[in-house]
Amino acid sequence: QVQLVESGGGLVQAGGSLRLSCAASGRTFSGSAMGWFRQAPGKERDFVAGISWNGGFTYYADSVKGRFTISRDNDKNTVYLQMNSLKPEDTAVYYCAAEMKSGTYSDSKTWHYWGQGTQVTVSS
């Protein structure tokens, strides 16, 4: 059974940093793209960042470019999201996604597997 488990969320002041982790189990994703999305209350799930199977390609939403960094460790079957210079508008539940079907990184329908999410709250 495939599982994606996010961790590292929490409450942080504006300007602070958090590092999210997403550990996969049940199969290896070393040959698959992985990504992060987020969903604020009352809003749709939005793309945050994506990374190719070997980390050679990364893609970011404009709203986080220059502040967030996605990375992965295939030996640990884990993807990370380093979030710096956090803003109150970054407050959301952050979801890990794995294995793209046909489509683009930024389309949530592209992704096959999802984690349960971790809450990130940024206070002003």
Side-chain angles (χ1 to χ4, degrees):
Q1 181 181 354
V2 173
Q3 277 193 310
L4 301 177
V5 179
E6 301 96 337
S7 61
L11 173 64
V12 64
Q13 287 190 329
S17 298
L18 284 174
R19 187 193 195 207
L20 305 184
S21 299
C22 170
S25 62
R27 57 159 281 190
T28 179
F29 288 101
S30 60
S32 303
M34 298 187 78
W36 288 94
F37 284 72
R38 66 187 181 187
Q39 188 166 19
K43 296 191 176 182
E44 293 186 350
R45 190 170 296 189
D46 291 332
F47 171 75
V48 174
I51 188 166
S52 61
W53 68 275
N54 64 351
F57 174 78
T58 56
Y59 180 47
Y60 297 93
D62 288 343
S63 58
V64 307
K65 208 171 290 183
R67 300 187 297 123
F68 291 11
T69 303
I70 189 171
S71 61
R72 65 189 297 163
D73 184 335
N74 285 341
D75 290 338
K76 295 181 179 178
N77 218 18
T78 299
V79 64
Y80 305 96
L81 186 68
Q82 178 67 45
M83 306 186 296
N84 298 328
S85 302
L86 282 160
K87 304 175 181 180
E89 51 263 43
D90 294 317
T91 295
V93 177
Y94 282 71
Y95 296 91
C96 172
E99 191 172 276
M100 293 176 66
K101 298 174 283 187
S102 60
T104 61
Y105 277 87
S106 59
D107 185 351
S108 62
K109 299 183 187 65
T110 293
W111 299 87
H112 192 180
Y113 297 102
W114 291 90
Q116 297 285 67
T118 184
Q119 176 70 47
V120 171
T121 303
V122 184
S123 63
S124 57

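Being a predicted model, the structure only gives us computed values, none of them experimental.
Nearest heavy atoms, S63 versus R38: OG-NH2, 3.5 Å. Scanning both residues, W53 and G31, for their nearest heavy atoms gives CB-C, 3.5 Å. Contact record, G117 with E6: N-OE1, 2.9 Å, taken as the closest heavy-atom pair. The shortest non-hydrogen separation linking S30 to N74 is O-ND2, 3.6 Å.
Side-chain atoms of M34 and R72, non-hydrogen and from C-beta on, do get closer than 4.5 Å to each other. Residues L20 and M83 form a side-chain contact, since some pair of their non-hydrogen atoms from C-beta on lies under 4.5 Å apart. Taking 4.5 Å as the limit, some side-chain heavy atom of F29 sits within range of a side-chain heavy atom of E99. Looking only at side-chain heavy atoms (C-beta outward), V12 and T121 stay at 4.5 Å or farther from each other. Y95 has its side chain out of reach of T118: every pair of non-hydrogen atoms, C-beta onward, lies at least 4.5 Å apart. The side-chain heavy atoms of P88 and Q13, taken from C-beta on, include no pair separated by under 4.5 Å. With contacts defined as side-chain heavy-atom distances shorter than 4.5 Å, the pair V79/C96 qualifies.
Under a 3.5 Å cut-off, the side chain of T78 and the backbone N or O of K76 do form a donor-acceptor pair. Judged purely by atom type and a 3.5 angstrom limit, T110 has no side-chain atom pairing as donor or acceptor with the backbone of K101. Proximity of a side-chain donor or acceptor of R67 to a complementary backbone N or O of S85 within less than 3.5 Å is detected.
D73 and S71 share no side-chain donor-acceptor pair at under 3.5 Å. For T91 and E89, the side-chain atoms include no donor-acceptor pair closer than 3.5 Å.
Under the 4.5 Å side-chain heavy-atom criterion for grouping Ile, Leu, Val, Met, Phe, Trp and Tyr, L81 is connected to Y113 within one hydrophobic cluster. In the hydrophobic clustering of ILVMFWY residues, with side-chain heavy atoms under 4.5 Å counting as a link, V48 and W111 come out apart. Residues V2 and W36 share a hydrophobic cluster, clusters being chains of Ile/Leu/Val/Met/Phe/Trp/Tyr side chains in contact below 4.5 Å. Residues L4 and M100 are members of separate hydrophobic clusters, defined by side-chain heavy-atom contacts under 4.5 angstrom among Ile, Leu, Val, Met, Phe, Trp and Tyr.
By the neighbour-count criterion of 12 heavy atoms within 6.0 Å, atom CD of Q116 is sparsely surrounded, having that number or fewer from other residues, nucleotides or ligands. Atom NZ of K109 has 12 or fewer neighbouring heavy atoms from other residues, nucleotides or ligands inside a 6.0 Å radius. Other residues, nucleotides and ligands contribute over 12 non-hydrogen atoms within 6.0 Å of the CH2 atom of W114.
Of the inter-residue distances, the one linking N84 atom CG with T69 atom OG1 reads 6.5 Å to the nearest 0.5 angstrom. Taken from OH in Y80 to CD1 in I51, the straight-line distance is 11.0 Å, to the nearest 0.5 Å. To the nearest 0.5 Å, atoms CD (Q1) and CZ (R27) are separated by 13.5 Å. To the nearest 0.5 angstrom, N77 atom CG is 4.5 Å from T28 atom OG1.
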Legend entry - Full working for ring pair (Phe, Tyr, Trp, His ring centres under 6.0 Å) between Y105 and F57: CA-CA 11 Å; Y105 277 87; F57 174 78; 5.6 Å; yes
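Aromatic ring pairs are classed by plane angle as parallel below 30°, tilted from 30° to 60° and perpendicular above 60°; the pair Y94 and F68 is tilted.
Under a 4.0 Å N-O distance rule, the pair K87/D90 does not qualify as a salt bridge.
Checked against salt bridge (charged side-chain N to carboxylate O under 4.0 Å, His left out), R45 has no partners two or more places apart in sequence or in another chain.
Remark: aromatic rings of F37 and F47 are close, center separation under 6.0 Å.
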